[in-house]
Amino acid sequence: MVNADMWALYEQHVSRTRLLHYLDAAAGDRGSAIELYDWSVRVSAEWWWALGHLEVALRNAIDKTLMLRHLKHGREGHWIFDHERELGRDAGKGAHRHAFPYADVAVAIERVRRNGKSVDAGQIISETSFGFWHQLVSRRQMFLWPDLANAFPGMPGRNQSLVSARVTRLRDLRNRVGHHHRIWALDLDRRLADLRDVATFIDPRLWTLLEAGSNLPELLRDRPLPSES
C-alpha cells in the first residue's frame, strides 16, 4: 500500500504525466504503478549493462573485419576515414546526399576535436553512435556484406538479415533505455533472445560472459505486468 506522501514524492520527482502511463497499466492502483515504475528502472539498468558490452563487441568485430577488407584492397591508413568515399563522404552533394554512415563519422570527429583529443581511428570509433554500426550491417551498405559477414563467425550461414533485424530491434531498445522511456510493454524476452543471438554470432563466449553477469532473466520472470509483443 502506497500512502499519499509516497505518491506525492513520486509525482514531484518522476512527474504526474509520466506516472499516468504506469497508473493506467496498473488499473489505477498506485502501489502497483510504483512497483512497475521501479521494476522498469531496474530492468533498464540491466539492459544498459548488457547492451553496453554488446555495442563495444559489435563495433570491435566490425572494425577488425573492415580493416582486413581495407588491407585486402591495398589501401593505406584506416578504413574509418573513408578515403575512397565508399560510405558517403559527400553526404550533402549529388548522388551521395542520402549516404548516412559518413555523417556519423563526421560527428564523431567533431566530438573528438571538441574534447581536445587526437583525431585517430581509436578515438573516432569510441565516439561513434550505435546507429553507425547498425547502418553498416543494414541493406544500405550491402556492398560491405561479403566481407562483413566474417565479423559474425558464429552465425548460421551468411544471411545479412539475421544480423540486421536483430541489431535494429536492439538499437531501438537501447534508445528507449537511454532516454528512460518505458519498456515494460515491449517483448523483452524476444529482445533477450536477440541479444543472445547477436552475441553468439560474434563469439559464443561473449554470450557466456553476458549471461553470467546479467540478472535480466530473473528480472523478466518477475515483471509486474505481462509484456505485449
Side-chain angles (χ1 to χ4, degrees), residues 1-59 111 126-135 137-138 162-229:
M1 188 71 178
V2 174
N3 61 38
D5 288 342
M6 176 64 74
W7 183 255
L9 187 65
Y10 269 75
E11 281 194 332
Q12 177 183 348
H13 295 291
V14 176
S15 88
R16 178 175 299 181
T17 301
R18 186 178 181 85
L19 282 176
L20 279 177
H21 296 290
Y22 296 85
L23 197 60
D24 288 344
D29 183 86
R30 290 181 171 180
S32 296
I34 286 179
E35 181 184 6
L36 179 59
Y37 182 82
D38 288 344
W39 177 86
S40 184
V41 171
R42 289 190 181 95
V43 78
S44 291
E46 284 292 312
W47 273 114
W48 195 252
W49 179 88
L51 289 169
H53 274 295
L54 184 72
E55 180 176 354
V56 171
L58 177 67
R59 73 189 189 194
R111 286 176 182 157
S126 72
E127 292 290 348
T128 53
S129 67
F130 193 104
F132 173 65
W133 307 98
H134 168 232
Q135 288 296 323
V137 299
S138 74
L162 289 178
V163 174
S164 181
R166 288 163 173 78
V167 173
T168 296
R169 291 190 293 264
L170 291 172
R171 178 191 179 189
D172 177 68
L173 175 62
R174 181 193 182 282
N175 289 342
R176 294 184 68 83
V177 168
H179 290 283
H180 310 290
H181 292 170
R182 57 190 185 278
I183 63 170
W184 42 265
L186 299 178
D187 188 347
L188 296 177
D189 292 307
R190 187 178 181 189
R191 296 294 81 75
L192 185 60
D194 289 336
L195 179 77
R196 178 201 64 214
D197 289 347
V198 176
T200 302
F201 293 168
I202 296 170
D203 183 346
R205 296 171 302 171
L206 175 61
W207 170 242
T208 300
L209 181 153
L210 296 180
E211 188 177 31
S214 173
N215 292 319
L216 277 170
E218 293 81 0
L219 283 167
L220 296 185
R221 282 197 298 269
D222 294 338
R223 80 180 87 216
L225 294 174
S227 67
E228 300 174 5
S229 59

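Predicted, not measured: the structure shown is a model, and the values here were computed from it. Below, each value reflects all heavy atoms present in this structure, side chains not excepted, and no hydrogens, waters or symmetry copies.
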Exercise. State whether the side chain of Trp207 and the backbone N or O of Val198 hold a donor-acceptor pair below 3.5 Å, judged by distance alone.
Key: no

For this session: Compare all side-chain heavy atoms of Trp39 with those of Val43 and state whether any distance is below 4.5 angstrom.
Result: yes

Closest non-hydrogen atoms of Leu54 and Leu206, given as atom of the first, atom of the second and distance, are CD1-CD2, 4.3 Å

Heavy-atom closest pair (Ala33 atom, Ala26 atom, distance to 0.1 Å) is N-CB, 3.6 Å

NE2 of His53 to CG of Leu195, rounded to nearest 0.5 Å, is 10.5 Å

Glu211 and Arg196: CA distance, side-chain angles, deciding distance, side-chain contact (heavy atoms from CB on, under 4.5 Å) verdict:
CA-CA 8 Å; Glu211 188 177 31; Arg196 178 201 64 214; over 6 Å; no

Sorted by chain and residue number, the side chain to side chain contact (heavy atoms under 4.5 Å, CB included) partners of Asp38 (sequence neighbours excluded) come out as Tyr10, Ile34, Arg42

Here the pair of heavy atoms bringing Ser129 nearest to Glu55 is C-OE2, 4.1 Å

In terms of heavy-atom contacts, Val177 and Ser44 come closest through CG1-O, 3.4 Å

Between Arg176 and Arg182, is there a side-chain heavy-atom distance shorter than 4.5 Å? yes

Rounding to 0.5 Å, atoms CG (Asp187) and CZ (Arg169) come to a distance of 9.5 Å

Practice prompt. Indicate yes or no: at least one non-hydrogen side-chain atom of Gln135 is less than 4.5 angstrom from one of Arg171.
Written response: yes

By side-chain hydrogen bond (donor to acceptor under 3.5 Å, both in side chains), Arg190 pairs with (sequence neighbours left out) none

Sorted by chain and residue number, the side-chain hydrogen bond (donor to acceptor under 3.5 Å, both in side chains) partners of Asn175 (sequence neighbours excluded) come out as none

Sorted by chain and residue number, the salt bridge (charged side-chain N to carboxylate O under 4.0 Å, His left out) partners of Arg205 (sequence neighbours excluded) come out as Asp203

Exercise for the section: Please determine, by modelled atom types, if Trp133 and Thr128 share a side-chain donor-acceptor pair under 3.5 angstrom. Expected result: yes

side-chain hydrogen bond (donor to acceptor under 3.5 Å, both in side chains) filter on Arg59, not counting sequence neighbours, yields none

Side chains of Thr168 and His134: is there a donor and an acceptor less than 3.5 Å apart? yes

Heavy-atom nearest pair, Ile183 first then Trp47, reads CD1-CD1, 3.9 Å

Rounded to the nearest 0.5 angstrom, the CG-CD distance for Leu192 and Glu46 is 11.0 Å

Output for pair (Leu36 CG, Asp29 CG), nearest 0.5 Å, gives 11.0 Å

Self-check item: Under 3.5 Å: donor-acceptor pair, side chain of Ser40, backbone of Tyr37
Solution: no

**Q.** Side chain proximity check, Val14 to Leu9, heavy atoms < 4.5 angstrom
**A.** no

Any non-hydrogen side-chain atom of Trp49 less than 4.5 Å from a side-chain atom of Leu216? no

Under a 3.5 Å distance rule, please check whether Arg111 uses its side chain to pair with a backbone N or O of Glu127 as donor and acceptor. yes

Rounded to the nearest 0.5 Å, the CG atom of Leu20 sits from the OG atom of Ser15 at a distance of 8.0 Å

In this structure, CZ of Arg223 is separated from CH2 of Trp184 (nearest 0.5 Å) by 11.5 Å

I'd like to know if Arg191 pairs up with Asp194 as an ion pair, taking the criterion as any Lys NZ or Arg NE/NH1/NH2 lying under 4.0 Å from an Asp or Glu carboxylate oxygen.
yes

For Trp48 and Arg174 the tightest heavy-atom approach is CZ3-O, 3.8 Å

Residues at least two apart in sequence or cross-chain that pass salt bridge (charged side-chain N to carboxylate O under 4.0 Å, His left out) with Asp197, listed by chain then number, are Arg166

Item to complete: Report yes or no: does Glu11 contribute a side-chain atom to a donor-acceptor pair with the main-chain N or O of Arg16 at less than 3.5 Å?
Response: no

